[in-house]
Amino acid sequence: MLRRITADDRSEAASVLDDLKVALAAAGTELPSIGIDWNCASATGVVLIDLGAAPTSVVVKLIDVIRDGVRARREQVQPWYPSVGQAVTLDSPVGAPLPAQVVAATRRLVTIRLDAR
């Protein structure tokens, strides 16, 4: 019965494990004793991925990869959403920049009013 209940979880764990192995290989490393803890799944219904033991050199490589990923996420440019009433400047291909003011803004559309010159 428990086996039937956990069928989706076991399938997901196998897929996640495959994805992890591919990601580790892309990073130039592997965890030598990685696997799914089927005994825990059979006894408790909780499917765990066992990362196992790894040599220090592998753990150092994983630390570097994780740090690089965290750094890359922090450096991602966040989208800019102007506020109503905010002064903005539009670049003009033929002349000086154009001063304007935001009169309405949603995530998809910004309405501005060009300031009179």
Side-chain angles (χ1 to χ4, degrees):
M1 178 72 162
L2 188 57
R3 193 162 173 76
R4 221 175 326 130
I5 293 171
T6 62
D8 288 342
D9 292 339
R10 288 183 287 113
S11 176
E12 180 184 23
S15 177
V16 168
L17 179 61
D18 288 342
D19 287 348
L20 179 57
K21 286 179 178 179
V22 168
L24 290 170
T29 191
E30 67 178 345
L31 291 171
S33 56
I34 192 172
I36 297 174
D37 186 345
W38 298 116
N39 292 332
C40 182
S42 300
T44 66
V46 178
V47 182
L48 300 176
I49 295 177
D50 185 354
L51 301 179
T56 303
S57 60
V58 170
V59 175
V60 167
K61 179 70 173 173
L62 288 176
I63 291 168
D64 289 342
V65 168
I66 291 168
R67 283 184 178 148
D68 289 347
V70 169
R71 193 174 302 113
R73 281 191 176 181
R74 285 183 184 154
E75 292 173 356
Q76 284 180 341
V77 175
Q78 297 299 318
W80 173 71
Y81 297 109
S83 304
V84 172
Q86 183 174 354
V88 296
T89 303
L90 302 177
D91 289 333
S92 172
V94 289
L98 303 171
Q101 184 174 24
V102 177
V103 294
T106 66
R107 287 187 160 263
R108 298 181 135 209
L109 178 67
V110 175
T111 304
I112 61 167
R113 181 182 63 234
L114 291 175
D115 291 342
R117 287 184 170 216

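A quick note: this is a predicted structure, and the numbers were derived from the prediction, not measured. Counting from 1, the numbers follow the sequence of the chain as shown. What you see below is based on every heavy atom in this structure, not just the backbone, and it leaves out hydrogens, waters and symmetry mates.
Between the side chain of Gln86 and the main chain of Val102, no donor-acceptor pair closer than 3.5 Å is present. Between the side chain of Lys61 and the backbone N or O of Ala27, at least one donor-acceptor pair lies under 3.5 Å. Judged purely by atom type and a 3.5 angstrom limit, Ser11 has no side-chain atom pairing as donor or acceptor with the backbone of Ala7. The main-chain N or O of Ala53 is found under 3.5 Å from a side-chain atom of Ser33 such that the two form a donor-acceptor pair.
Leu51 contributes atom CG, which lies 9.0 Å from atom CG of Leu24 (distance to the nearest 0.5 angstrom). Expressed to the nearest 0.5 Å, how far CG of Asp50 lies from CG of Leu17 amounts to 10.0 Å. Separation of atoms OG (Ser42) and CZ (Arg10) is listed at 8.0 Å; rounding is to 0.5 Å. The CG atom of Leu31 sits 6.5 Å away from atom CG of Leu20, with the distance rounded to the nearest 0.5 Å. Rounded to the nearest 0.5 Å, atoms CZ (Arg71) and CZ (Arg67) are 8.0 Å apart. Considering CD of Gln101 and CD1 of Ile112, their distance stands at 10.5 Å, rounded to 0.5 Å.
With Thr56 as the fixed residue, the side chain to side chain contact (heavy atoms under 4.5 Å, CB included) test singles out one of Val60, Val59, Val58: Val60.
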Next item on the list: Verify side chain to side chain contact (heavy atoms under 4.5 Å, CB included) between Leu62 and Thr29, making sure each step is shown before the conclusion.
Entry: CA-CA 8 Å; Leu62 288 176; Thr29 191; 4.0 Å; yes

Next item on the list: Check the pair Asp18, Lys21 against salt bridge (charged side-chain N to carboxylate O under 4.0 Å, His left out), reporting the backbone distance first and the verdict last.
Entry: CA-CA 5 Å; Asp18 288 342; Lys21 286 179 178 179; 5.2 Å; no

Item checked: Chi angles and distances behind the side chain to side chain contact (heavy atoms under 4.5 Å, CB included) call for Val88, Trp80 -> CA-CA 12 Å; Val88 296; Trp80 173 71; 3.8 Å; yes

Next item on the list: May I have the step-by-step check of side chain to side chain contact (heavy atoms under 4.5 Å, CB included) for Asp8 and Glu12, ending in yes or no?
Entry: CA-CA 6 Å; Asp8 288 342; Glu12 180 184 23; over 6 Å; no

Next item on the list: Show your working on side chain to side chain contact (heavy atoms under 4.5 Å, CB included) between Leu114 and Leu90 and close with a plain yes or no.
Entry: CA-CA 9 Å; Leu114 291 175; Leu90 302 177; 3.8 Å; yes

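Closest non-hydrogen pair, Ala13 versus Val47, comes out as CB-CG1, 3.3 Å. Listed here is the closest heavy atom pair of Pro97 and Pro99: O-CD, 3.6 Å. The two atoms that bring Ala105 and Pro82 nearest to each other are CB-O, 3.5 Å, heavy atoms only.
Within the 4.5 Å cutoff, the side chain of Ile49 has heavy atoms near those of the Val16 side chain.
Under a hydrophobic-cluster definition in which Ile, Leu, Val, Met, Phe, Trp and Tyr are linked whenever side-chain heavy atoms come within less than 4.5 Å, directly or via other members, Val103 and Tyr81 are assigned to different clusters.
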